[in-house]
Amino acid sequence: MSKLYFKYGAMGSSKSAQALITKFNYEERGMKVWLIKPATDTRDGETTLSSRIGLTATASVISAEDDIYALFTSKHSEVDVIISDEAQFFTPLQIEQMRAIVDDFDIPVLNFGLRTDFRTQAFPGSLRLLELADSITEIKTICSCGRKATVNARVIDGRVVTEGPQVYLGGNDSYVAMCHSCWKKQIEKN
């Protein structure tokens with residue numbers, strides 16, 4: 001029986017790399033993969049999904065208005081698995097559509113993404129995944145102090161900030177994975 005998966009981690013935990021490795025593993029076994037990403041994620045180009053370690057693949061781009069269930073049934077029903085990256089940017093309705101694909105077609109849907117933003121508040125898509133996923137796995141990374149990182153600290157001009165829009169695209173230049181203790185200390189310091 002297939003499942004809806006949510007594999008989350010802080011920035012720098014190699015979520016995209018794991019999504020791409022998972023894609024490779026399915027394809028190595030002769031299986032068809034539908035790799036998707038939200039249109040919000042434009043860091044590496046519109047249709048490119050890439051990891052910090054250099055893995056890349058072409059992904060289908062899903063806008064907030066797209067119906068993933070309808071796209072699956074009309075164009076991708078022959079796939080063996082759906083893999084998404086940056087799942088936090090999907091709408092709650094799109095997460096429900098992925099849930100329906102798992103239930104109606106017995107196709108596994110693996111979602112990789114962030115759980116919370118730079119203010120430690122859940123993304124709407126991530127919250128819906130936490131509510132609906134059959135399997136929830138944390139992909140761990142560490143803070144510079146050596147503790148487990150759980151916060152995606154947004155850094156602007158060398159300072160940790162707690163105000164601004166929830167969606168602000170950036171990589172290592174804009175975000176640092178921190179433990180909650182170090183994040184609080186940086187906020188107090190600033």
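For the single chain, residues carry numbers from 1 onward in sequence order.
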Any side chain to side chain donor-acceptor pair (under 3.5 Å) involving residues 15-25? Give me the pairs, sequence neighbours left out, ordered by first then second residue.
Ser16-Asp85, Lys23-Glu27
Taken in chain and number order and not counting sequence neighbours, the residues that satisfy side-chain hydrogen bond (donor to acceptor under 3.5 Å, both in side chains) with Thr58 are none
Could you tell me whether a side-chain N or O of Asp80 sits under 3.5 Å from a main-chain N or O of Lys32, the two making a donor and an acceptor?
yes
Closest non-hydrogen atom pair, Phe118 against Thr162
CE1-C, 3.5 Å
Roughly how far, to the nearest 0.5 Å, is CG of Leu110 from CE of Met98?
11.0 Å
Which atom pair, heavy atoms only, marks the closest approach of Arg115 to Leu130?
CG-CD1, 4.0 Å
Sequence neighbours left out, what pairs pass ring pair (Phe, Tyr, Trp, His ring centres under 6.0 Å) with at least one residue falling in residues 17-39?
Trp34-His76
Ile82 to Val79 - nearest heavy-atom pair and separation:
CG1-CG2, 4.3 Å
Exam field: side chain Asp67 to backbone Tyr69, donor-acceptor pair closer than 3.5 Å
yes
Short N-O contact, Glu188 and Lys185, less than 4.0 angstrom
no
How far apart are the closest heavy atoms of Ser63 and Ala39, and which atoms are they?
CA-CB, 3.9 Å
Closest non-hydrogen contact found for Leu35 with Ala57 is CD2-CB, 3.7 Å
Is a donor on one side and an acceptor on the other found under 3.5 Å between the side chain of Glu96 and the backbone of Leu132?
no
Rounding to 0.5 Å, atoms CG (Leu114) and CG (Asn152) come to a distance of 5.0 Å
Verdict with reasoning, Thr150 to Trp183, per side chain to side chain contact (heavy atoms under 4.5 Å, CB included)
CA-CA 9 Å; Thr150 58; Trp183 178 69; over 6 Å; no
Are Ile107 and Ile68 connected into the same hydrophobic cluster when the rule is that any two of I, L, V, M, F, W, Y join if their side-chain heavy atoms are below 4.5 Å apart?
yes
Main-chain N/O of Ala122 paired to Ser126 side chain as donor or acceptor, under 3.5 Å:
no
Distance, nearest 0.5 Å, that separates CG of Asp134 from CG of Asp103
7.5 Å
Do the side chain of Arg52 and the main chain of Gly12 share a donor and acceptor less than 3.5 angstrom apart?
yes
Test item: Cys143 and Met178 side chains (from C-beta on) under 4.5 Å apart, heavy atoms:
yes
Output the distance between atom OG1 (Thr141) and atom CE (Met11), rounded to the nearest 0.5 Å.
11.0 Å
Starting from Val160, can I reach Val151 by hopping between I/L/V/M/F/W/Y residues whose side chains sit under 4.5 Å apart?
yes
Do Phe123 and Leu93 share a hydrophobic cluster (ILVMFWY, side-chain heavy atoms under 4.5 Å, transitive)?
no
Should Asp157 and Arg159 count as an ion pair when the cut-off is N to O under 4.0 Å?
no
Under a 4.5 Å side-chain heavy-atom rule over Ile, Leu, Val, Met, Phe, Trp and Tyr, are Val81 and Phe105 clustered together?
no
Verify the cluster assignment for Leu4 and Ile83: are they in a single hydrophobic cluster under the rule of side-chain heavy atoms below 4.5 Å apart?
no
Rounded to the nearest 0.5 Å, the CD1 atom of Ile21 sits from the CD1 atom of Ile53 at a distance of 5.0 Å
Hey, are Glu86 and Gln88 close enough side-chain-wise for a donor-acceptor pair under 3.5 Å?
yes
Would you find more than 12 non-hydrogen atoms of other residues, nucleotides or ligands less than 6.0 Å from Glu78 atom CD?
yes
When rounded to the nearest 0.5 angstrom, what distance separates CD1 in Ile139 from CZ in Phe6?
9.0 Å
Kindly indicate whether the side chain of Phe90, heavy atoms from C-beta on, has any atom under 4.5 Å from the side chain of Leu129.
no
Work out which heavy atom in Ser84 is nearest to a heavy atom in Ala87; give both atom names and the distance.
OG-CB, 3.7 Å
